[in-house]
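Please read the structure below before turning to the comments.
Please read all numbers here as calculations on a predicted model, not as lab measurements.
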Amino acid sequence: MIKEWATVIDWDNGMAQVSCDVKTSCNSCSSRAGCGTRVLNKLGPQTSHTISVPSEQPLVAGQKVELGITESSLLGSAMLVYMSPLLGLFVVATLFQVLFGSDIAALCGAILGGVGGFLIAKGLSPRLAARETWQPVILSVGLPPDLIRTTTSSEMSQ
């Protein structure tokens, strides 16, 4: 099970809207100065993802929840997204090379196969995402923000 903490935005009739922050591995290794990934991450927007998760327990905005998703569903979706365009690229490029016998035909086949594989992945993903085993679940729930009370040292001395 892959776990991640999220913040509740809203809860209504058993469905919670939660926001997950995008995390990168940058700033955690010693090669920060010469890392190309760190530079690319600075260029892109630092966004958060909002998803709906079923929750029988009432939740309040600002409350933290721990989400979990099975490794098999994550690996399956990654295989679909990355492998179907790659497989389409190689298969159609090879087919066009054999049928037409030219490199230009193989290039056109590679482009068509890659785009076709992408479209296949895009078409299959909603059906696969509807499976219950591919949905994130709430594993644990933190305290609501209004129940947490902090005191400072100046408040304690009075």
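A distance of 9.0 Å separates CD1 of Ile9 from OG of Ser52, quoted to the nearest 0.5 Å. The distance from the CZ atom of Arg127 to the CH2 atom of Trp134 is 12.5 Å, given to the nearest 0.5 Å. Atom OG of residue Ser72 and atom CE of residue Met1 lie 9.0 Å apart, to the nearest 0.5 angstrom. Expressed to the nearest 0.5 Å, how far OG1 of Thr70 lies from CD of Gln135 amounts to 10.5 Å. Taken to the nearest 0.5 Å, the CD1 atom of Ile120 stands 7.0 Å off from the OG atom of Ser84. Rounded to the nearest 0.5 Å, atoms CD1 (Ile2) and CD (Glu71) are 5.0 Å apart.
Summarising the geometry of Ala6 relative to Cys20, their closest heavy-atom pair is CB-SG, 3.6 Å, with the distance given to 0.1 Å. Minimum heavy-atom separation, Ala16 to Ser55: CB-CB, 4.3 Å.
Judged by distance alone, the side chain of Glu66 and the main-chain N or O of Ile138 form no donor-acceptor pair under 3.5 Å. Thr7 contributes no side-chain N or O that, together with a main-chain N or O of Gly62, makes up a donor-acceptor pair within less than 3.5 Å. Checking side-chain atoms of Trp11 against main-chain N and O of Glu56 turns up no donor-acceptor pair under 3.5 Å.
A continuous path of ILVMFWY side-chain contacts below 4.5 Å connects Val53 to Val141, so both sit in one hydrophobic cluster. In the hydrophobic cluster analysis, where Ile, Leu, Val, Met, Phe, Trp and Tyr join through side-chain heavy atoms closer than 4.5 angstrom, Met79 is grouped together with Leu89. Cluster annotation: Phe118 and Val115 are assigned to the same hydrophobic cluster (Ile/Leu/Val/Met/Phe/Trp/Tyr, side-chain heavy-atom contacts under 4.5 Å, transitive).
Under a cut-off of 6.0 angstrom, the local environment of CD in Glu132 is sparse, with at most 12 non-hydrogen atoms contributed by other residues, nucleotides or ligands. For Met15, the CE atom counts as densely surrounded, since its 6.0 Å shell holds more than 12 non-hydrogen atoms of other residues, nucleotides or ligands.
Asp103 places a side-chain heavy atom less than 4.5 Å from the side chain of Gln97. Here the side chains of Thr133 and Ser73 are not in contact, with every heavy-atom distance at 4.5 Å or above. Using a 4.5 Å heavy-atom threshold, the side chains of Leu139 and Lys3 count as touching.
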Practice problem: Would you check, one step at a time, whether the test side-chain contact (heavy atoms from CB on, under 4.5 Å) holds for Ile51 with Val18? | Solution: CA-CA 6 Å; Ile51 57 174; Val18 297; 3.6 Å; yes
